[in-house]
Amino acid sequence: MPTEKTLPLVIVDAANVVGSVPDGWWRDRRGAAERLRDSLVPYAKDGLATAPGPVELVLVVEGAARGTGPVPGVRVETAPGSGDDLIAGLVATEAARSPGRLCLVVTADRGLRQRVEAHGARCVGPRAVRPAPPAGLN
């Protein structure tokens with residue numbers, strides 16, 4: 001049976017993923033992060049196309065989304081400053097602790113992608129966990 005350290009690690013950049021769909025998230029950033037967190041729960045069991053489930057799923061929040069709590073299947077890490085810095089640090093720590101473990105970061109941020117890929121992580125865009133809304137709704 002896989003342990004947490006052998007499951008693929010999926011880290012979601014909440015600010016980037018939430019901001020990828022203009023659905024009014026800026027009016028309630030914490031509420032938007034909580035809705036994203038709740039929508040991630042099935043991925044913990046089922047995985048993503050590039051990281052079969054089950055996976056260890058971590059949502060990184062920052063700024064006004066601080067205070068978002070965890071739910072079963074989704075761990076929440078709160079960045080004291082930059083979410084990108086926390087994500088890069090999580091990836092670097094995991095690469096050192098568990099070499100060869102699949103680490104997937106969900107973000108469209110090019111700078112963050114470069115930082116985490118330098119530690120061996122793979123990256124996918126926000127649509128991996130947040131499909132586009134039907135035409136006419138975005």
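Below, all heavy atoms of this structure are taken into account, side chains as well, without hydrogens, waters or symmetry copies. The first residue in the sequence is number 1, and the count goes up from there.
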Q: From His119 NE2 over to Cys103 SG, what is the distance, rounded to the nearest 0.5 angstrom?
A: 10.5 Å

Q: What's the spacing between Thr78 OG1 and Leu86 CG if we round to 0.5 Å?
A: 8.5 Å

Q: Look at the side-chain heavy atoms of Ile, Leu, Val, Met, Phe, Trp and Tyr, link any pair under 4.5 Å apart, and say whether Leu104 and Val91 land in one connected group.
A: no

Q: Over all heavy atoms of both residues, which pair between Ala96 and Pro99 is shortest? Give the atoms and the distance, please.
A: O-CD, 3.9 Å

Q: Say you draw a straight line from CD1 of Ile11 to CD1 of Ile87; how long is it, rounded to the nearest 0.5 Å?
A: 7.0 Å

Q: Sequence neighbours excluded, which residues qualify as side chain to side chain donor-acceptor pair (under 3.5 Å) partners of Arg66?
A: none

Q: Using modelled atom types only, decide if a donor and an acceptor are shared between the side chain of Arg130 and the backbone of Leu36 within a distance under 3.5 Å.
A: no

Q: Minimum heavy-atom separation for Val106 to Gly125, with atom names?
A: CG1-O, 3.6 Å

Q: Does Gln114 form a side chain to side chain contact (heavy atoms under 4.5 Å, CB included) with Leu112? I'd like the steps, not just the answer.
A: CA-CA 5 Å; Gln114 289 177 340; Leu112 178 58; over 6 Å; no

Q: Treating Ile, Leu, Val, Met, Phe, Trp and Tyr as nodes and any side-chain heavy-atom pair under 4.5 angstrom as an edge, say whether Tyr43 and Val60 lie in one connected cluster.
A: no

Q: Do Pro126 and Thr107 come within less than 4.5 Å of each other through their side chains, counting heavy atoms only?
A: no

Q: In Å, rounded to the nearest 0.5 Å, how long is the span from CG of Leu9 to CD of Glu56?
A: 5.0 Å

Q: Ignoring hydrogens and geometry, is there a side-chain-to-backbone donor-acceptor pair from Thr93 to Leu90 under 3.5 Å?
A: no

Q: Looking only at heavy atoms, what is the nearest atom pair of Ala33 and Ala65, with distance?
A: CB-CB, 3.8 Å

Q: Quick check against the 3.5 Å criterion: does Arg35 have a side-chain atom that pairs as donor or acceptor with the backbone of Gly31?
A: yes

Q: Treating Ile, Leu, Val, Met, Phe, Trp and Tyr as nodes and any side-chain heavy-atom pair under 4.5 angstrom as an edge, say whether Leu102 and Val74 lie in one connected cluster.
A: no

Q: Between Leu59 and Arg75, does the side chain to side chain contact (heavy atoms under 4.5 Å, CB included) criterion hold? Intermediate values first, please.
A: CA-CA 6 Å; Leu59 178 68; Arg75 185 174 98 217; over 6 Å; no

Q: Go through the structure and list residues passing side chain to side chain contact (heavy atoms under 4.5 Å, CB included) with Ser82, not counting sequence neighbours.
A: Asp84, Asp85

Q: Side chain to side chain donor-acceptor pair (under 3.5 Å) with Arg113: which residues, sequence neighbours excluded?
A: none

Q: Among the clusters formed by ILVMFWY side chains lying less than 4.5 Å apart, do Val58 and Val18 turn up in the same one?
A: no

Q: Working note: Arg101 + Thr6, criterion side chain to side chain contact (heavy atoms under 4.5 Å, CB included); need CA distance, chi angles, decisive distance, verdict.
A: CA-CA 6 Å; Arg101 181 182 186 195; Thr6 60; over 6 Å; no

Q: Any chance you could measure Glu62, atom CD, to Asp13, atom CG, to the nearest 0.5 Å?
A: 7.0 Å

Q: Closest heavy-atom contact between Glu34 and Thr68?
A: CG-CG2, 3.8 Å

Q: Under the criterion side chain to side chain contact (heavy atoms under 4.5 Å, CB included), I'd like the reasoning laid out for Cys123 against Val116: C-alpha separation, chi angles, the key distance, then a yes or no.
A: CA-CA 8 Å; Cys123 296; Val116 300; 3.5 Å; yes

Q: Run through Val61, Val76, Val105, Leu57 and flag the one making a side-chain contact (heavy atoms from CB on, under 4.5 Å) with Val12.
A: Leu57

Q: For Leu7 and Pro54, which heavy atoms make the closest approach, and how far apart are they?
A: CD2-O, 3.5 Å

Q: Any chance you could lay out the salt bridge (charged side-chain N to carboxylate O under 4.0 Å, His left out) test for Arg115 and Glu117, step after step, and finish with the verdict?
A: CA-CA 6 Å; Arg115 291 173 69 186; Glu117 287 171 349; over 6 Å; no

Q: List the atom of Pro52, the atom of Pro8, and the distance in Å for their closest heavy-atom pair.
A: O-CG, 3.8 Å

